[in-house]
Amino acid sequence: MAARRALHFVFKVGDRARTARFYRELLGMRVLRHEEFEEGCKATCNGPYDGKWSKTMVGYGPEDNHFVMELTYNYGVGEYRLGNDFLGITLVSSQAVSNAKKMGWPLKEVTSGVFETEAPGGYKFYLEDKEKLKQDPMWKVTLGVSNLQKSVSYWSGLLGMKIYEKDEEKQRALLGYADDQCKLELRAVGGAVDHGTAFGRVAFSCAKDELPSIEALMKKENQKILTPLVSLDTPGKATVQVVILADPDGHEVCFVGDEAFRELSQVDPNGDKLLDDAMAADNSDKWFAEHNMKKVSA
């Protein structure tokens, strides 16, 4: 198996302006690229919605060597219901802690030197108050699972992740594809996993010629395939091939062909301006207010 890379986590956001402020001003990330779409994604990148939406990639550096966030904004949806599926992202940044304090953003020290905060929408982030020790301060994504062993078998046995830690007493495991990449932490929630409507997606890259074999393996093992191998077009950019899976608890897992994705994910120096222009032109809140209506709560 060729090298696989952890790429990004997908969040649905209802308040794009406050969300942008959180990632840019508090976490200190930058906009890597921003794209607007007139209709829903055929791989449901924006969730089960057909209307106009946008995608904003934010992070500490390019996806070639950083784990980043994909923020999807559906123009007609104001908020999403959280479940117990996404348990948080942990990153190492004393600057982010300092930024949060200066901004008056709510912070709670949960263990010595680790602060819990929330992005708009209620998504939890854990900030370690120390200088980063590696190029990418993103440390781990934590997902809730109903059966730890079953999930570890899926992610390690079928998807080929290395097990870095496993604690039966605390019912958690840490996995990843490489020492220097963002890790995946699985933590038992003591019952069924509820994805709400805010459910996200974690994305990885692999060699393009591995995609058919990943799909075939899932079929052979009777595992769920949400989107069979498909090509996705982005106007003016590279066409990528993806297959979307669901793990035993329904967490969405995207594998994308690495070669084309590296081309697609090049940093756009105009990313910040494109996002700012889109937010300035977004009159959806005003329109709903003028019609005495509220955006949909998904």
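At distances below 3.5 Å, not a single donor-acceptor pair connects side-chain atoms of Y60 with backbone N or O atoms of Q135. In terms of modelled atom types and a separation under 3.5 Å, the side chain of D64 and the main chain of S265 share no donor-acceptor contact. Looking at E215, its side chain does come within 3.5 Å of a backbone N or O of L229 through a donor-acceptor pair. Looking at D249, its side chain never comes within 3.5 Å of a backbone N or O of V145 through a donor-acceptor pair. A distance-only check finds no donor-acceptor pair linking the side chain of T117 to the backbone of L107 [under 3.5 Å]. With hydrogens and angles ignored, the 3.5 Å screen pairs no side-chain donor or acceptor of S146 with any backbone N or O of G191. Side-chain atoms of N147 come within 3.5 Å of backbone atoms of K150 as a donor-acceptor pair (strictly under, hydrogens ignored).
L32 is not connected to L232 by any chain of hydrophobic side-chain contacts under 4.5 Å among Ile, Leu, Val, Met, Phe, Trp and Tyr, and they are in different clusters. Cluster membership for V202 and Y123, using ILVMFWY side-chain heavy atoms within less than 4.5 angstrom, is shared. There is no path of hydrophobic side-chain contacts, each under 4.5 Å, that joins V68 to L27. A continuous path of Ile, Leu, Val, Met, Phe, Trp and Tyr side chains, each step under 4.5 Å between heavy atoms, connects M161 with V243, placing both in one hydrophobic cluster. Grouping the Ile, Leu, Val, Met, Phe, Trp and Tyr side chains by contacts below 4.5 angstrom, directly or via other members, places M57 apart from L91.
When side chains are defined from C-beta on, E109 does not count as touching T111, because their heavy atoms never get closer than 4.5 Å. Side-chain contact between V114 and L127 is absent, with no heavy-atom pair separated by less than 4.5 Å. In this structure, I225 and I244 have side chains that are not in contact, with every pair of non-hydrogen atoms separated by 4.5 Å or more. You'll find the side chain of Q223 reaches within 4.5 Å of the side chain of Y154, heavy atoms only. In this structure, L186 and W155 have side chains that are in contact, with non-hydrogen atoms separated by less than 4.5 Å. Taking the side chain as every heavy atom from C-beta outward, K220 and M218 never approach each other to under 4.5 Å. Side-chain contact between V240 and S231: absent, with no pair of heavy atoms (C-beta onward) separated by less than 4.5 Å.
Checked against the 6.0 Å centroid threshold, F67 and F9 do not count as a close aromatic pair. For Y73 and Y75, the ring centers sit closer than 6.0 Å to each other. In this structure, W139 has its ring center no closer than 6.0 Å to that of Y126.
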Chi angles and distances behind the side-chain hydrogen bond (donor to acceptor under 3.5 Å, both in side chains) call for K166, Q171:
CA-CA 8 Å; K166 189 175 180 187; Q171 282 290 284; over 6 Å; no
Kindly indicate, with the supporting measurements, whether the criterion side chain to side chain contact (heavy atoms under 4.5 Å, CB included) is fulfilled by V230 and V242.
CA-CA 6 Å; V230 65; V242 305; 3.7 Å; yes
After noting the C-alpha distance and the side-chain angles of F22 and E118, does the key distance pass the side chain to side chain contact (heavy atoms under 4.5 Å, CB included) rule?
CA-CA 9 Å; F22 176 83; E118 289 184 4; over 6 Å; no
Let me see the working for L71 and V58 under side chain to side chain contact (heavy atoms under 4.5 Å, CB included), right down to the final yes or no.
CA-CA 8 Å; L71 310 176; V58 296; 4.0 Å; yes
Full working for side chain to side chain contact (heavy atoms under 4.5 Å, CB included) between Y23 and M69:
CA-CA 9 Å; Y23 285 96; M69 308 293 107; 3.7 Å; yes
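Checked for salt-bridge contact, D272 and R24 meet the test: a charged N lies under 4.0 Å from a carboxylate O. With respect to the salt-bridge test (charged N to carboxylate O, under 4.0 angstrom), the residues R81 and D194 qualify. Salt bridge status for R4 with E210: present, with a side-chain N to carboxylate O gap under 4.0 Å. Ion pair E79/K12 not flagged as a salt bridge, since none of the NZ, NE, NH1 or NH2 atoms sits closer than 4.0 Å to an Asp/Glu carboxylate oxygen. Using a 4.0 Å cut-off between a side-chain N of Lys or Arg and a carboxylate O of Asp or Glu, D258 and K208 do not qualify as a salt bridge.
In this structure, D167 and L148 approach most closely via the heavy-atom pair O-CD2, 4.4 Å. E36 approaches S54 most closely through the heavy-atom pair OE2-CB, 3.3 Å. Here the closest heavy-atom approach between residue C182 and residue A6 is recorded as O-CB, 3.9 Å. The minimum heavy-atom distance linking H34 with G271 is given by the pair CB-O, 3.9 Å. Of all the heavy atoms in A178 and K183, the pair that sits closest is O-NZ, 3.3 Å. Across L82 and A198, no two heavy atoms sit closer than the pair CD2-CB, 3.8 Å.
Going from atom CG of L159 over to atom CG of L184 covers 9.5 Å, rounded to the nearest 0.5 Å. Expressed to the nearest 0.5 Å, how far CG of L158 lies from CG of L217 amounts to 5.5 Å. Between the CE atom in M29 and the NE2 atom in H66 there is a gap of 10.0 Å [rounded to 0.5 Å]. Within the model, atoms CZ of R16 and CE of M279 stand 7.0 Å from one another, a figure rounded to the nearest 0.5 Å. Taking CG from L275 and CG from D268, the interatomic distance works out to 11.5 Å, rounded to the nearest 0.5 Å. In this structure, CG on D247 lies 5.5 Å from OG on S151, to the nearest 0.5 angstrom.
Judged as a salt bridge (Lys or Arg N to Asp or Glu O under 4.0 Å), and not counting sequence neighbours, K224 has no contacts. For E185, the salt bridge (Lys or Arg N to Asp or Glu O under 4.0 Å) test picks out K140, R172, R187, with sequence neighbours left out. In terms of the salt bridge (Lys or Arg N to Asp or Glu O under 4.0 Å) criterion, residue partners of K162 (sequence neighbours excluded) are, by chain and number, D179. E70 pairs by the salt bridge (Lys or Arg N to Asp or Glu O under 4.0 Å) definition with nothing, not counting sequence neighbours.
Counting side-chain heavy-atom gaps under 4.5 Å among Ile, Leu, Val, Met, Phe, Trp and Tyr, the cluster of V193 also holds L87, V189.
Listed by first and then second residue, the ring pair (Phe, Tyr, Trp, His ring centres under 6.0 Å) pairs involving residues 179-222 are Y177-F204, H195-H251, F204-F255 (not counting sequence neighbours).
Donor-acceptor pairing under 3.5 Å is recorded for the side chains of Y80 and N74. No side-chain donor-acceptor contact under 3.5 Å links S94 and D129.
In this pair, F11 and F86 present their aromatic rings perpendicular. The plane angle is above 60°, beyond the 30 to 60° band.
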